[in-house]
Amino acid sequence: MNNEIYNFPSYKIHSLLKKKEIKAEDVVLSCIKRIEEKEPKINAFITKTFDTALADAKAIDKKIAKDEPISPLSGIPISIKDNICTKGIETTCASHILSGFIPPYDATVVKRLKDAGAIIIGKTNMDEFAFGSSCEHSCFGTTKNPHNLDYVPGGSSGGSSASVASCEAILSLGSDTGGSIRQPASFCGVVGLKPTYGIVSRYGLIAFASSLDQIGPLTKDVRDCAILLNAISGFDENDETSIKQPKIDYTNSLDNDISKMKIGIPKEYFEGIDGEVKDAIMNVLKGLSSLNVEIIEVSLPHSQYAIPVYYIIACSEASSNLARFDGVQYGLREEDKSLFGMYRKTRSKGFGDEAKRRIILGTYALSSGYYDAYYLKAQKVRSLIRKDFDDAFSKVSLLITPTSPTPPFKIGEKTEDPLSMYLSDILTVSSNLTGYPAISIPCKKTKEGLPIGLQIIGHYLSEGEILSLAYHIEKLEKFL
Ligand code: GLN
């Protein structure tokens, strides 16, 4: 690793800024240089906001010159997934149907980042409307995995994870409905957290499945993840599902003692897993045993239903949420003599194949006569899945699993087979169905040098414990 600023985590940049050893402008220029060098190959960004980023950096530098206090994120370049609304900056969800849509307001998370002095460097590529696990379903082309350009970066937040892995951005925000922060974090070798449902506001996140969606951090390491979570979490009256809880500093938990911790290994999550992935996780467990952490096997008996339940609920909610894109209020409009003709033409042209597939599946599952058999049934099984987790958490504090059953796959490998793409979400979707938090952190690499992610799943509001265990694992170098 060279000594360029773009390689540093945010807290190192923060301390250099405070000591006036570098300027915020240097930080932004370093990331711009890196983006210009890397983007032609990686394609992590849909929109770059260099002009405003440089202007924002100069404003921070003025504050520093006057010895005014700065927050941990002041002057730190961050990339934002393009389904999070940014005032005055086109927000596309990687879909033609939103082309030209410029939000008149900032999402709450964006407002909080701006208030903390963070600098938006651009909007990142994603699967259209966050439907996917590979970043191949984007109308702006596929993002490539920075570790090997023949491989996918994961999805749907593949642009965000690739922008951090390639050091084009210091930090990034993604969204996770069924694994879209954790799986790309795993594929790109970075840290990605899906927080407890309700601790990060969804106001201004273009909805995919409202009962599952959460915004969360993608970062180079666990400390940065805690710092970014500090900035974006907390009650928001604009989000009806926002949880009221006192402000927490998650960096305080990092050094907590984990020696008496009990960790559960759900046996169902290790069946049918790629050999190298399994070995990598087992190796970390060995390292944890050496720290006197107790590891016991647990069972999540309804795991086999997680994928069907998730895809019924996610597609149903998506079909309803996407009904608003009809050519009237947002983005694309294809003219026609009749109103219905205009709707039809706009939606036919604006949505990609995967979005259409999900709208059709969801509309079917919600249609009268089928609602009880599909959506309602899925909601009932969702409760059983949550009960499995509650039972497990009565015995252990946290669970460790792989994030994805396989290492990154090749570009094009699964695009013709949606079912095999859906099955790759098997280890992540349950945390969205329960609403509980989960993180992916980098583990050992495969023989070919592709990243493998380890997932830590916790109970309701257990971010502090999750981050602490993740931080200790990060330090277990010889086992990684
Ligand atoms: N891969 C999952 C899906 O396609 C999850 C997507 C997400 O979390 N946004 O639905």
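Numbering starts at 1 and runs along the sequence shown. In listed order, ligands and their atoms are each counted from 1.
Look at D106 and K114 and you find a salt bridge, because one of the NZ, NE, NH1 or NH2 atoms lies within 4.0 Å of a carboxylate O, short of that distance. A salt bridge is defined here as a Lys NZ or Arg NE, NH1 or NH2 lying under 4.0 Å from an Asp or Glu carboxylate O, and D176 with R182 meets this definition.
Annotation: salt bridge (charged side-chain N to carboxylate O under 4.0 Å, His left out) contacts of D221 (sequence neighbours excluded): none. Listed by chain and number, the residues in a side-chain hydrogen bond (donor to acceptor under 3.5 Å, both in side chains) with R34 are Y6, E37 (sequence neighbours excluded). For E334, the salt bridge (charged side-chain N to carboxylate O under 4.0 Å, His left out) partners at least two apart in sequence or on another chain are K349.
Within 4.0 Å of ligand 1, protein heavy atoms belong to A130, F131, G132, S133, S156, D176, T177, G178, G179, S180, F208, Y310, Y311, R358, D425, listed by chain and number.
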Report task. Start with the C-alpha gap between I400 and Q455, add the side-chain angles, then the distance that decides, and say whether side-chain contact (heavy atoms from CB on, under 4.5 Å) holds. Result -> CA-CA 6 Å; I400 287 185; Q455 179 174 230; over 6 Å; no

